[in-house]
There are 2 protein chains.
Amino acid sequence: MTLMVRLSDCTPPGLAAFLRSQKVTPTAQRLNIAQILFTQHAHFSAEDVFNEVNKSDAVVSKATVYNTLGLFVERGLIKKVLVDPVKVFYDSNVAPHHHFYDLDSGKIQDIEPDQISLKEVPDLPDGTCLASVEVVVRVRKQ
Amino acid sequence: MTLMVRLSDCTPPGLAAFLRSQKVTPTAQRLNIAQILFTQHAHFSAEDVFNEVNKSDAVVSKATVYNTLGLFVERGLIKKVLVDPVKVFYDSNVAPHHHFYDLDSGKIQDIEPDQISLKEVPDLPDGTCLASVEVVVRVRKQ
DNA sequence: TTATAGAGTTAGACTTATTCTAAGTCTAAC
DNA sequence: GTTAGACTTAGAATAAGTCTAACTCTATAA
């Protein structure tokens, strides 16, 4: 269930098998979206995915794009990245890593996990368990 | 210009002097908003500030709330906190620290700086300089 | 003081990301 | 093949945040 496994076969049948293995019914729309997400490392907004998936002949509605991204997040196939105050990005790299966010260009870049790491994880608030640790390094021109 | 200095005098004249020292003209609306932000440690959404400031007799418009929060961020008096996918929070604690975000309740909590810290800052992308480093530890019930 | 320029504020319209709704379509299990 | 329920859809709805254009205040100079 790592990124490598997913990327090993990005043909429609390969993606369909992968989705099935994740208990996701592989519909035509989901395959189109999966193809976009899993054949390249990038950070997509919902709008990016919508534009990309509808660039060719395929037509997938906005609602389905949001539904599918939400489902994939729920299944752990992609991760939400909250770096921009106005929209959510989605990252098909679910391995532990962090992000640069360029305030001027709005571009997101991965920070490799060995490039940054926490000295210690703080004591969590009572009655809670860890969900994720996200580091965002904001940079600007110059 | 630390939090301590600011909190030492939260009377209207004290706040007015503080704003003036930060090159911010102390209007009635800004004083009302500053009072809310600087007399307690908390994380406010724009809506929180709007409700709080209009709870008593004062009436401050939504536009002014957004303008003022933006101005205070620009002047470094408060910080934006991006932890929630749908709205921005503002933190009157500008000292270096990080945040817990409870996915179930939506509550934000400070992580003291000695509780977490980075082993090393990664090499920044070419042509950029550091703006900020933000760590968000997401937790959930249990 | 008072006049004035420009900074600040306002209501409400607007924009934009995201969610909802209700009706139609597909999938898969029998 | 039927069928129940999962999936998709267009478009309406929601909600955070921004914009506009008119009005009001602040503070500086005379």
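A quick note: this is a predicted structure, and the numbers were derived from the prediction, not measured. Each chain gets a letter, A, B and so on, in the order the sequences are listed, and its residues count up from 1. No hydrogens, no waters, no symmetry mates; every other heavy atom, side chains included, goes into these values.
Using a 4.5 Å heavy-atom threshold, the side chains of A/Leu82 and B/Val83 count as separate. Using a 4.5 Å heavy-atom cutoff, the side chains of B/Phe44 and B/Ile36 are in contact.
Across all their heavy atoms, B/Cys129 and A/Lys141 have their closest contact at SG-O, 3.9 Å. Nearest heavy-atom pair, B/His98 versus B/Ile116, reported as atom, atom and distance to 0.1 Å: CD2-CG2, 3.4 Å. The minimum heavy-atom distance between B/Phe38 and B/Leu15, with the atom names listed, is CD1-CD2, 4.1 Å.
Donor-acceptor pairing under 3.5 Å, judged by distance alone, is absent between the side chain of B/Lys62 and the base of C/dT9. With hydrogens and angles left out, the side chain of B/Lys87 and the base of D/dG17 share no donor-acceptor pair within 3.5 Å.
Heavy atoms of B/Val65 sit nowhere under 4.0 angstrom from any nucleic acid atom. No contact: B/Val24 has no heavy atom under 4.0 Å from any strand.
Both B/Asn67 and B/Pro85 sit near DNA chain C, but only B/Asn67 has its closest nucleotide nearer the 5' end. Each of B/Val86 and B/Leu71 was matched to the nucleotide of DNA chain C holding its nearest heavy atom; the match closer to the 5' end belongs to B/Leu71. Taking for each of B/Tyr90 and A/Val60 the nucleotide of DNA chain D with the nearest heavy atom, the 5'-most of the two is the partner of A/Val60.
Listed nucleotides D/dG17, C/dT9, D/dT9 differ in distance to A/Ser61; the shortest reach to its side chain belongs to D/dT9. Here the nucleotide nearest the side chain of B/Gln29, chosen from D/dA16, C/dT9, D/dT9, is C/dT9. Side chain of B/Thr64, nearest nucleotide from D/dG17, C/dT9, C/dT18: C/dT9.
The side chain of A/Tyr66 contributes an N or O atom lying less than 4.0 Å from OP1 or OP2 of C/dT18.
Identified under the side-chain hydrogen bond (donor to acceptor under 3.5 Å, both in side chains) test for residues 125-136 of chain A, with sequence neighbours left out: A/Glu134-B/Arg138.
With a 3.5 Å ceiling on both atom-pair distances, the Watson-Crick or G-U wobble partner of C/dC30 is D/dG1.
Here C/dA17 presents its P atom at 10 Å from CG of A/Asn51, a figure rounded to the nearest Å. Rounded to whole Å, the distance from CG on A/Leu82 to C1' on D/dA16 is 15 Å. For A/Phe44 and C/dT18, the CZ to P distance is 15 Å, given to the nearest whole Å. Taking atom CZ on B/Phe50 and atom C1' on D/dG17, their separation rounds to 13 Å, with Å as the unit. As rounded to whole Å, 12 Å separates atom P of C/dT9 from atom CG of B/Leu69.
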Between the protein and nucleotides 2-5 of chain C, are there any N/O to N/O pairs under 3.5 Å, and if so, what are the atom names and distances?
none

Interface polar pairs with nucleotides 20-27 of chain D, N/O, under 3.5 angstrom:
none

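Looking at B/His99 and B/Asp91, their side chains do bring a donor and an acceptor atom within 3.5 Å of each other.
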side-chain hydrogen bond (donor to acceptor under 3.5 Å, both in side chains) assessment of A/Asp48 paired with A/Ser45: CA-CA 5 Å; A/Asp48 293 336; A/Ser45 65; 3.1 Å; yes
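Partner of A/Phe100 under the side chain to side chain contact (heavy atoms under 4.5 Å, CB included) criterion, chosen from A/Val137, A/Asp110, A/Val135: A/Val137.
The backbone N or O of A/Thr25 lies less than 3.5 Å from a partner atom in the side chain of A/Arg30, making a donor-acceptor pair.
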